[in-house]
K.L.:
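Can you read through this structure? Questions will come right after.
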Amino acid sequence: MDTTQASMQTELIKHRHTLAVVGMGAIVFGIWSLIKSILYFVLVEPLSDIINENLDSIIDSNFEALAALALSILIVGLFVLIDMLFRWKVGRRAMAISRGDKDPGVGFFILSAILLLMDLSELVLGVSSIVGAISSDEDMIDRISTLLVDFTSVVMLAEMIFAAVMIRKLTKAISDGQNTVQHSSGAA
């Protein structure tokens, strides 16, 4: 193995390690998102308060109010579940790629890009909230901490995509280099 092959192997190992760590991070951020949503509806805006605010409409047999409330809760729960499942799938795939069990395919990059876009949109909303373009009931400290978490997630997902691209590129280059060496030694 020549020096170039050895340095490519070292770089491949580095990117695989990065991919394993950020893949686990993607899963942890999914779990955090679920916990954050549960805590929001238990501590910040309890469902009992939401129901009590709409109790007059519900008592008056206003089916639309009850349906809107149920639909809102269902949609929020569905979004959190979809986010969690995307992060779980991407994180598990990233760890499998890091072990060499799978290749980084188009599906992995599409799911990763969707997650990155979702987190980027949350980051933009967070910045908009801090600068006052969007009104928010949260304290400034809460908004800043949420912004930092969203920023960390964006950086992590960008790093995951970069590491997967580099793994794909290095694996191909190493494979092509080994095939060239085998063909040249077989011809001699």
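What's counted below: heavy atoms across the whole structure, side chains too, no hydrogens, waters or symmetry copies.
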K.L.:
Can you find a pair of side-chain heavy atoms, one from Phe108 and one from Arg168, that are under 4.5 Å apart?
P.N.:
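No, side chains not in contact.
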K.L.:
Between Ser7 and Thr4 (side chain of the first, backbone of the second, donor and acceptor by atom type, cut-off under 3.5 Å), is there such a pair?
P.N.:
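At least one qualifying donor-acceptor pair exists.
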K.L.:
Just grab all the ring-ring contact (aromatic ring centres under 6.0 Å, His included) pairs involving residues 131-172, residues at least two apart or on different chains.
P.N.:
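Non-adjacent pairs meeting ring-ring contact (aromatic ring centres under 6.0 Å, His included): His15-Phe162.
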K.L.:
To the closest 0.5 Å, what do you measure between NZ (Lys169) and CD1 (Ile167)?
P.N.:
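Rounded to the nearest 0.5 Å, the NZ-CD1 separation comes to 13.5 Å.
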K.L.:
How long is the straight-line distance from OG1 of Thr171 back to CE of Met166, given to the nearest 0.5 Å?
P.N.:
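Rounded to the nearest 0.5 Å, the CE-OG1 separation comes out at 10.0 Å.
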K.L.:
Tell me whether Arg92 at atom CZ has more than 12 heavy atoms from other residues, nucleotides or ligands lying less than 6.0 Å away.
P.N.:
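No.
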K.L.:
To the nearest 0.5 Å, tell me how far Ser98 OG sits from Leu12 CG.
P.N.:
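Answer rounded to 0.5 Å: 10.5 Å.
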K.L.:
Backbone N or O of Phe29 within a donor-acceptor pair of the Ser33 side chain at under 3.5 Å?
P.N.:
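Between the backbone of Phe29 and the side chain of Ser33 there is no qualifying donor-acceptor contact (under 3.5 Å).
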K.L.:
Ignoring hydrogens and geometry, is there a side-chain-to-backbone donor-acceptor pair from Ser128 to Val124 under 3.5 Å?
P.N.:
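Yes; at least one donor-acceptor contact below 3.5 Å.
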K.L.:
Between Ser37 and Val80, what is the shortest heavy-atom contact and its length?
P.N.:
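Smallest interatomic distance, heavy atoms only, reads OG-CG2, 3.1 Å.
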K.L.:
Indicate the atoms forming the closest heavy-atom contact of Thr18 with Glu159, along with that distance.
P.N.:
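Answer, listing the atom of Thr18 first, then Glu159: CG2-OE2, 3.5 Å.
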K.L.:
Are more than 12 heavy atoms, taken from residues, nucleotides or ligands other than Lys89, located less than 6.0 Å from that residue's NZ atom?
P.N.:
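No, because the 6.0 Å sphere around NZ of Lys89 holds 12 heavy atoms or fewer from other groups.
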K.L.:
Let me check something: do Phe86 and Val106 share a hydrophobic cluster, defined by ILVMFWY side-chain heavy atoms less than 4.5 Å apart, either directly or through other members?
P.N.:
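Looking at the clustering, Val106 is in the same group as Phe86.
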K.L.:
Show, in sequence, the C-alpha distance, side-chain angles and deciding distance for Met95 and Ile27, and conclude whether the side chain to side chain contact (heavy atoms under 4.5 Å, CB included) test is met.
P.N.:
CA-CA 10 Å; Met95 290 188 294; Ile27 293 171; 3.6 Å; yes
K.L.:
Who passes salt bridge (charged side-chain N to carboxylate O under 4.0 Å, His left out) against Arg93, sequence neighbours left out?
P.N.:
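Not a single residue meets the salt bridge (charged side-chain N to carboxylate O under 4.0 Å, His left out) criterion with Arg93.
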K.L.:
For Met84, I'd like to know if atom CE has over 12 heavy atoms of other residues, nucleotides or ligands within 6.0 Å.
P.N.:
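It does: Met84 CE has more than 12 such atoms within range.
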K.L.:
Between atom CG of Leu19 and atom NZ of Lys14, what is the distance when rounded to the nearest 0.5 Å?
P.N.:
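Between atom CG of Leu19 and atom NZ of Lys14 there are 13.0 Å.
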K.L.:
Using every non-hydrogen atom in the two residues, find where Gly91 and Ala26 come nearest and quote the distance to one decimal.
P.N.:
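Closest heavy-atom pair between Gly91 and Ala26: CA-CB, 4.2 Å.
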K.L.:
Please check if Ile161 and Val21 belong to a single hydrophobic cluster, counting links between Ile, Leu, Val, Met, Phe, Trp and Tyr side chain heavy atoms closer than 4.5 Å.
P.N.:
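In one cluster: no.
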K.L.:
Check for me, please, whether Val76 and Leu85 land in the same ILVMFWY cluster - side-chain distances under 4.5 Å, paths through other members count.
P.N.:
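Each belongs to a different hydrophobic cluster.
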K.L.:
Show me the donor-acceptor pairs within less than 3.5 Å that the side chains of residues 114-123 make with the rest of the protein, sequence neighbours left out.
P.N.:
from	atom 1	to	atom 2	distance (Å)
Asp119	OD1	Arg87	NH2	2.5
Asp119	OD2	Arg87	NH1	3.4
Asp119	OD2	Arg87	NH2	3.0
Asp119	OD2	Ser153	OG	2.3
Ser121	OG	Leu117	O	3.4
Ser121	OG	Met118	O	2.6

K.L.:
Say you draw a straight line from CG of Leu125 to OG1 of Thr146; how long is it, rounded to the nearest 0.5 Å?
P.N.:
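The CG atom of Leu125 sits 11.5 Å away from the OG1 atom of Thr146.
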K.L.:
Output all residues satisfying salt bridge (charged side-chain N to carboxylate O under 4.0 Å, His left out) with Lys172, sequence neighbours left out; order by chain, then residue number.
P.N.:
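So Lys172 forms a salt bridge (charged side-chain N to carboxylate O under 4.0 Å, His left out) with Asp176.
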K.L.:
Quick check: are there more than 12 heavy atoms from other residues, nucleotides or ligands sitting under 6.0 Å from CD1 of Ile141?
P.N.:
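For Ile141, atom CD1 is not crowded (no more than 12 foreign heavy atoms under 6.0 Å).
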K.L.:
For the pair Thr152 (side chain) and Leu148 (backbone), establish whether a donor and an acceptor sit closer than 3.5 Å, ignoring hydrogens and angles.
P.N.:
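Pair found, side chain donor or acceptor close to backbone of Leu148.
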K.L.:
Would you compute the distance between atom CH2 of Trp88 and atom CG of Asp83 and round it to the nearest 0.5 angstrom?
P.N.:
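With rounding to 0.5 Å, CH2 (Trp88) is 14.0 Å from CG (Asp83).
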K.L.:
List for me each residue that meets side-chain hydrogen bond (donor to acceptor under 3.5 Å, both in side chains) alongside Ser112, sequence neighbours excluded, and say none if there are none.
P.N.:
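In terms of side-chain hydrogen bond (donor to acceptor under 3.5 Å, both in side chains), with neighbours along the sequence ignored, Ser112 is linked to no residue.
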K.L.:
Quick one: salt bridge (charged side-chain N to carboxylate O under 4.0 Å, His left out) partners of Asp150, sequence neighbours excluded?
P.N.:
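Applying salt bridge (charged side-chain N to carboxylate O under 4.0 Å, His left out) to Asp150 gives none.
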K.L.:
For a quick test of reading the model, state the closest non-hydrogen atom pair linking Pro104 to Ala164 and the distance between them.
P.N.:
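That would be CG-O, 3.6 Å.
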K.L.:
What heavy-atom pair brings Gly100 and Arg16 nearest, and what distance separates the two atoms?
P.N.:
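Smallest heavy-atom distance, with atoms named: CA-NH1, 3.2 Å.
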K.L.:
If Ile, Leu, Val, Met, Phe, Trp and Tyr residues are connected whenever their side-chain heavy atoms lie under 4.5 Å apart, and connections chain through other members, are Ile31 and Leu81 in the same group?
P.N.:
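Per the 4.5 Å side-chain linkage, Ile31 and Leu81 are not co-clustered.
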K.L.:
Taking a hydrophobic cluster as the set of Ile, Leu, Val, Met, Phe, Trp and Tyr residues connected by side-chain heavy atoms closer than 4.5 Å, whether directly or through intermediates, do Met156 and Val149 fall within one such cluster?
P.N.:
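Same cluster: Met156 reaches Val149 through Ile, Leu, Val, Met, Phe, Trp or Tyr contacts under 4.5 Å.
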